Amino acid sequence: MRVAVPRETAPGERRVALVPETVSKLRATGFDVSIERAAGNAAGFPDEAYADAGAELVDGAALASGADCIARVARPSPSEVEAMSPGTVLIGFLDPLTDSEGLARLRQREIVAFAMESIPRITRAQSMDALSSQATVSGYKAVILAADRIPRLFPMLMTAAGTIAPVRALVIGAGVAGLQAIATTRRLGAVVSAFDVRPTVQEQVESLGAAFLDLGVRTEETEGGYARELTPEQQAQQQAALEERIPEFDVVITTAAVPGRAAPKLIPASAVERMRPGSVIVDLAAETGGNCEATVPGEVVELGGVTVIGTTNLPSLMAYHSSQLYSRNVSALLLHLAPDGELVLDWEDEITAGACVTRPVSGE
Amino acid sequence: MRVAVPRETAPGERRVALVPETVSKLRATGFDVSIERAAGNAAGFPDEAYADAGAELVDGAALASGADCIARVARPSPSEVEAMSPGTVLIGFLDPLTDSEGLARLRQREIVAFAMESIPRITRAQSMDALSSQATVSGYKAVILAADRIPRLFPMLMTAAGTIAPVRALVIGAGVAGLQAIATTRRLGAVVSAFDVRPTVQEQVESLGAAFLDLGVRTEETEGGYARELTPEQQAQQQAALEERIPEFDVVITTAAVPGRAAPKLIPASAVERMRPGSVIVDLAAETGGNCEATVPGEVVELGGVTVIGTTNLPSLMAYHSSQLYSRNVSALLLHLAPDGELVLDWEDEITAGACVTRPVSGE
Amino acid sequence: MISDPDVVGLLYLVTIVCFVIALRFLSSPKHARKGNWVGGAGMLVAIATTLLFEGIGNWALIAVGATIGTVVGVVGARNVRMTAMPQMVAIFNGVGGGAAALVALAEWHNEAGPAWDSTTSIVLSALIGSISFAGSIIAFAKLQELLSGRPIVFPGQNVVNILVLLAATGLGMAAVAGVHEQWVLWALVALALLFGVMFVLPIGGADMPVVISLLNAFTGIAASATGFVLDSTVLIVSGMLVGAAGTLLTLLMAKAMNRSIANVLFGAFGQVQAGAGTARADDGRTVRATTPDDVAVQLSFARKVIVVPGYGMAVAQAQHDVRQLADILEGRGVDVRYAIHPVAGRMPGHMNVLLAEANVPYTQLSEMDEINPEFAQTDVALVIGANDVTNPAARSDPGSPIYGMPILDVDKAASIVVLKRSMNPGFAGIDNELYLDSKTTMLFGDAKESILKLISAVKAQ
Amino acid sequence: MISDPDVVGLLYLVTIVCFVIALRFLSSPKHARKGNWVGGAGMLVAIATTLLFEGIGNWALIAVGATIGTVVGVVGARNVRMTAMPQMVAIFNGVGGGAAALVALAEWHNEAGPAWDSTTSIVLSALIGSISFAGSIIAFAKLQELLSGRPIVFPGQNVVNILVLLAATGLGMAAVAGVHEQWVLWALVALALLFGVMFVLPIGGADMPVVISLLNAFTGIAASATGFVLDSTVLIVSGMLVGAAGTLLTLLMAKAMNRSIANVLFGAFGQVQAGAGTARADDGRTVRATTPDDVAVQLSFARKVIVVPGYGMAVAQAQHDVRQLADILEGRGVDVRYAIHPVAGRMPGHMNVLLAEANVPYTQLSEMDEINPEFAQTDVALVIGANDVTNPAARSDPGSPIYGMPILDVDKAASIVVLKRSMNPGFAGIDNELYLDSKTTMLFGDAKESILKLISAVKAQ
Amino acid sequence: MTPLPLVIELTILVLAAFLGFEVISKVPTMLHTPLMSGANFIHGIVIVGAIIVLGNANDTFTKIVGFIAMVLATANVVGGWFVTDRMLGMFKRRPEPKKDGP
Amino acid sequence: MTPLPLVIELTILVLAAFLGFEVISKVPTMLHTPLMSGANFIHGIVIVGAIIVLGNANDTFTKIVGFIAMVLATANVVGGWFVTDRMLGMFKRRPEPKKDGP
Ligand SMILES: NC(=O)c1ccc[n+]([C@@H]2O[C@H](COP(=O)([O-])OP(=O)(O)OC[C@H]3O[C@@H](n4cnc5c(N)ncnc54)[C@H](OP(=O)(O)O)[C@@H]3O)[C@@H](O)[C@H]2O)c1
Ligand SMILES: NC(=O)c1ccc[n+]([C@@H]2O[C@H](COP(=O)([O-])OP(=O)(O)OC[C@H]3O[C@@H](n4cnc5c(N)ncnc54)[C@H](OP(=O)(O)O)[C@@H]3O)[C@@H](O)[C@H]2O)c1
Ligand SMILES: NC(=O)c1ccc[n+]([C@@H]2O[C@H](COP(=O)([O-])OP(=O)(O)OC[C@H]3O[C@@H](n4cnc5c(N)ncnc54)[C@H](O)[C@@H]3O)[C@@H](O)[C@H]2O)c1
Ligand SMILES: NC(=O)c1ccc[n+]([C@@H]2O[C@H](COP(=O)([O-])OP(=O)(O)OC[C@H]3O[C@@H](n4cnc5c(N)ncnc54)[C@H](O)[C@@H]3O)[C@@H](O)[C@H]2O)c1
């Protein structure tokens, strides 16, 4: 089975779906791998490394032909879909819950598409869980962005020139990214509080040495470990509580998300204005609209001296490590779908069935 | 005695010489303070805060007149010197070792100028030691810049998608800034080595939990605790040793300086090219020419995939805390020169005499 | 100038000194074995002295008796399985008590009209010796599974017991008061035997070691009483040494089980006890709780220890203490490594964050694939609040929600110690077979507290 | 049925039991005072028993003697300054030894031709008692500064000492061999007194407590020997208890000073010793070294402790252990704070970096200005590898390079414990007056190791 | 042996009792069973009593009783010792420390 | 008292010696001096010897010697006890823990 990896075309996307290390592992198991020239450049993996790992370097035009599977990071453009032959297996972040148009295109082209987002979050699929691996990078990077933007030092320092007070940080939404943000903020020496609506999270927050900020808003956890959407009353209650507490903090990192929905608006613009000048908000939910009213997705804006970072696709800014993690996720999925390099699609299997978003009618 | 604080005019300078907290302390001791409008804005200290602290807010034009002392961060422009009346006390970073022209201007205008750089680094002057306080900020910020630029995570993480190897960092020159950089890098979870030519530094590096990289180059320490310049042979030896070791590291932070001289060139461009793509060098010595051959002072350049950060004046990027620290240094000096709000210049005093770079002929 | 009795006395004094040293040595791991040898030497001195100096006859009988006893002792002690050691201790303790009772009976028979103090000693020796004899036999039978290990109870048992003991005491008092009839002591012995049986019957198998220790102290006291009868200081001292040490040991053992001694001895009268922290799987395998002291000995004698941290370490915030324990062990020459499972904790890299905070060098951390082969050469796998990531069901049980997840092969280690608070499951909500493994012991409690106790205990080694 | 001698024996047994318990209690801080009371009770029982049952006369003399002794004892013990306690112990120990020797002399005088064993006891009692008497008097004189505290030596001293002791022993052997002349024992006593004097003279004042403890053990043995003379078990046992306990205590005390007992006793024969870690300022003030155990007691009994970390903590990388110690103390109800001097360490915020790494909550850290007023209410200031930042010269000595630097007012605390490796100066290269303060004790050694020892010691409290 | 005053025997008894308590002050749990077994062996000293009784026995009754006592006591001594020794055999020596630790 | 066999006295002596060693197994340094003082008091038991000698003295020599012994021994007992008590008086009670700790 031949796996082809294109150079990403989405704007700002620096990651690559397979890194050389994984390529050699796949080849050892019986896969053939083609890589589009310069596909790994932006992430720090030069073509020579791929060649050394046994990949065939091909031009973009030739890539899709002869490939049984295409592994990529972001969803393909319409023309890229066009270039794939029917029956090809496609792996990547395909945005299945919101990009129905894209899915229709794939279905029409009879592509067997597996969305990384749709891999069930069960224990044995953890090694394929790209949402988690990329969220880990985002959580870390969010803190670095905040530290870079804020005109303050994070740690407390008592010096001959007086004492520097530590930054007070708040993390809203302590999922994978939120927990990593908590850990990184604490590492840098800030005093961290965190808040989430899922009740099990409190213990997890405390297990990282941070304080749990109790706003009195709780919701259940779904099967997959996600949060349920709040009722409108709960949402109002949360906004009010946050509006009151937010000005205490110098750094706020928000990660609140409910799969398939727009991000809940948690921080009203009025709360932003009441923050101390120089404070920073990093909105990791910017992609789905942001948790903060002031967030402009993809941009960094200032509101009354407060910087609101709506930068999307943070993992792409850490392309080296995030590609490495993503590549392992992809190869774990590949090995699941094609244990010895030959495709064996078992539609009874929870992972295969769950991750597949379009498949040939015969199989349905 | 009236102290006046101008709004800084040097390009990119966001700091302010006195912050409101210090203003109230000075007023309590008998000082009067005037602040140019909007002087603290860039650093996050609004005019209202100064007014609350008891400062008089004045326009730029009116500032110098009636001031017995002008406290500032960067050296004054020629026109600003012109505006000061003879006999005025001036406090700031005046660059006395290199800016002879500026000094001449001040001497001509009969300004009693105290350079923060010239305050002797003796124990009881520690609270006035602005070099240390600003270097502390630089050391911290250098790490944040590196972390923001590098496409990797600093800490080691063992995850379901494989293990992320920790960043390997090297700090060259473990003075005040270097030690702080070591501490911050370690906080973020990198594996840190450090190197310096002063022999006492090894213990200090290890006291922060980092490893000392022994390149076999040693020099003595001067009275003030600074390093002596290396002999040409030593310098060659050091370059060669570094050229060999540098490619092991993902992040290099250089701080090597010898007061009054151009920064020693430690990292040849060839060494930079041999580093892994994506690596980052932060050159804190950029202001005096840089420790790295590839450094362009004030710029961020790329050389063979390696980012070389030559950004100068890092403290200005952390204007809130660096102003706060600087302000305490300045007020400590003010209280030394004018213990009860009245100027008492004791030219026998080691600090007063040492810090003064131009003074009326009568006093000489 | 030195008379015969003086020589005898001095030689017996040597025995006493040997015994004291023996007990001292036996209470430290380093010298324990030496202690037994010193005790043996003391015993030989005492026996030789008695044979040589106490002006005795009946050599043939003595020789035959000694031979039979030796054969029984050697064969019994040599051939028994290691796991059957406790019942061996019980039986050898019992025969000692029996011997003491018999000596008392003989003296009762021989002395025409012994004084009140002599009689008291005879009565005590007979009474306590017999209880110890009968009780030990029952303990033996229970442990050997000749009798059910379960507590055997019947209604009104304690009333009967007390009555029997009162009757025996009454007979003893009569004897002291001067009723010098042979049957008095025989009857007393019979009652004491009965009491011994009934005293031990209701006690469950798990508590037997404590009971044996108590009976051991009893035999010591009986031997001491025999010493009073025979005016023998060596018997008085040695017997009492064992009496006192045995009593203290009994208390220590009960304490180590987190039980009061009263609870051990009489707890079963109302209710069948389910020994603290001991749970039983459906197939009869049980979970074994352990103590910090025992784990400390295991760790101190280990060559290689692998620490397996999990979410529980994070919850307990025990990382600093874990590192300290590891440092101490390393300092003692133990090879310590940390095995980091990719999904230990609740976020990617959770363990890394905590262990970095505690300053554990990266070089001590091993990824799963790297460390798994090493468990086979590991003496102790110290599992600290990890659960799912060690669950063998992931390998063996296709029905399990974690089936297919790679796990840390802790079950390959020579022994496994698990620190957690209860038998509650982890994230996946499933039971862990590992805890039923015969090589696994559980140290229950908050991980931080357990580690702190372990540190103290290891330092005390 | 109970005879008089039995009653006496039982009462004396009560005394023995009391004494054993007293010693046990005296070795734990919690019960020590109770221990002394139990001992006192035992003593009263013994005295009353002797007076009532030993069939004696001379009541008036006894009463007068007892009264004089009581007055001397009470007045001496009550009026002495707290710092003079050691010499009081010495003197009361000496008189005990004297009493033992006198009893021996009296028996020698009274018994017509005592048996060899009795004579041996008399000789030992007289010999040891006299040495103890004379030695204790010299120890007293030295501590009270009636004699120079310095070692007093002359050439050939040890040869002379050995000869004197040999002569005394020779006389004793003659006595045992049957030379029952009065002068023999008198001469022996005279030689023993001489030996006692010469034995203690060469020992320096700092080592005196060890010597007193040894002489204390001697007196115990003398009393025990007296017991043999008088056939008194209570004397034998009590004396020997003190003999053994005193000997062990002597070893422990020498160990606590990091000296061998031989070094203490004979070290001065060649050379004047400068007691380990004891330095002397020009004006005669000395630096006092302490032990982890002592610091542990201080910390455990403190209400408020301020930790003052400095560069030495960083060098030793002791931050994690410091936090652990603080946690333990906090857990025991001690109020613990950290005082952070602005320039402690070698870079701005050095202590913050380390303590944050060790997870010390920011709220426990106090800036200098905030904490300085609190030292006056602090029981122990625990200075860990900090030096310059605590140096009072910054306040008082205008010539000092650090004059004018604000410092942490540790010298205001009730007691100060300094952990460092030596008397070497810190960054500024100057001596620190603080170490000569009478409230300061030094715990020498690497800070990490010292803290680890402190943790063990505090836990053992 | 010549009979001793009862009170002397009691004194000895009390001293032995204290000593028994003190001597095993701190035993690690792991040594509980071996220590119990060792103590069990020590009370085998009752063999001295058995020898005296049997050695001085003149009538058949005493001989029988003494003989049984002799057998039992010997079993106690011999068995007790060997069991203890076997148990302690399980304690291997601690490996030599590789480096100096705290 | 009736004379005891020497060997019995020796037995008692040995037991007492062991007990003396064992009973003070672990003393914190701070208690060294008080413990020494307490032990010092206990050997004041020699007062029993002094009483016996003086109480049974018939000649002047014995009376004088006995009297001095009596004075010395009493001083040992009384002084020893009070000194110990004063020293121990310095040990204040530990404050009550504010909260539960490890
Ligand atoms: N790493 C990730 O990214 C991630 C993310 C989400 C989920 N997960 C899942 O989380 C699990 C991680 O496995 P794990 O072995 O680390 O944890 P686990 O299976 O959840 O087990 C943790 C154990 O720690 C014990 N514990 C909790 N608090 C304790 C305390 N204070 N002291 C002592 N013990 C304590 C609990 O037992 P007691 O209650 O009896 O004490 C529990 O059984 C896996 O199932 C994994 O799939 C991981
Ligand atoms: N903070 C800053 O920014 C900065 C920068 C430059 C200079 N300084 C200067 O540094 C000094 C800081 O004062 P400080 O009190 O923290 O330190 P210090 O005065 O330098 O004293 C440190 C003490 O720690 C002891 N020590 C070293 N290693 C040790 C170990 N392993 N274990 C135990 N003790 C150890 C040393 O004594 P032994 O050798 O006897 O053990 C030394 O006396 C000040 O003079 C300050 O002016 C500070
Ligand atoms: N079983 C597994 O192996 C496995 C693998 C990966 C993740 N998970 C679990 O799945 C869960 C979801 O992870 P995720 O980070 O992808 O979630 P996510 O990105 O969907 O959401 C991020 C966080 O936002 C929180 N949130 C939602 N609405 C909120 C609101 N109104 N206010 C505050 N917080 C709000 C959610 O509770 C969640 O913690 C995590 O708990 C994770 O542990 C489990
Ligand atoms: N006495 C005091 O109170 C006090 C106050 C502040 C600073 N100091 C001391 O002064 C010293 C200088 O501090 P700084 O940071 O301002 O120094 P700096 O900025 O002049 O130099 C930075 C570092 O570069 C090093 N260096 C110079 N040439 C080098 C080369 N060729 N290769 C490698 N390293 C080289 C120097 O040794 C120094 O450590 C520090 O040790 C500091 O502790 C003392």
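Not measured: the values here are computed from a predicted model.
- Only the side chain of Ala22(D) comes within contact range of chain F, with heavy atoms under 4.5 Å apart.
- With respect to the salt-bridge test (charged N to carboxylate O, under 4.0 angstrom), the residues Arg303(D) and Asp335(D) do not qualify.
- Looking only at heavy-atom pairs under 4.5 Å with chain F, the residue among Val72(D), Thr250(D), Asn110(D), Ile47(D) that has the most is Asn110(D).
- Considering only heavy-atom pairs separated by less than 4.5 Å from chain F, the leading option among Ala90(D), Ala106(D), Ala223(D) is Ala106(D).
- Proximity to chain F is absent for every atom of Val75(D), based on heavy atoms less than 4.5 angstrom apart.
- In terms of heavy-atom pairs under 4.5 Å with chain D, the best-connected choice from Asn76(F), Asn40(F), Val46(F), Val65(F) is Asn40(F).
- Only the side chain of Val77(F) has a heavy atom closer than 4.5 Å to any heavy atom of chain D.
- Tyr12(D) and Thr50(D) are linked by a side-chain donor-acceptor pair at a separation below 3.5 angstrom, with hydrogens and angles left out of the test.
- When each of Phe133(D), Phe25(D), Phe228(D) is scored by its heavy-atom pairs under 4.5 Å with chain F, the top score falls to Phe228(D).
- In this model, no donor atom of one side chain and acceptor atom of the other lie less than 3.5 Å apart for Thr219(D) and Asn216(D).
- Using a 4.5 Å cut-off between heavy atoms, Leu10(F) touches chain D through backbone and side chain atoms alike.
- Ranking Ile52(F), Leu13(F), Asn58(F) against chain D, the residue ahead of the rest is Leu13(F), based on heavy-atom pairs under 4.5 Å.
- Neither the backbone nor the side chain of Trp59(D) comes within less than 4.5 Å of any heavy atom of chain F.
- For Ile212(D), the parts lying near chain F are the backbone and the side chain together; criterion is any non-hydrogen pair under 4.5 Å.
- Side-chain atoms of Thr226(D) and Ser125(D) include a donor-acceptor pair closer than 3.5 Å.
- Within the 4.5 angstrom heavy-atom criterion, atoms from both the backbone and the side chain of Asn36(D) approach chain F.
- Side-chain atoms of Val8(D) and Leu52(D), non-hydrogen and from C-beta on, never get closer than 4.5 Å to each other.
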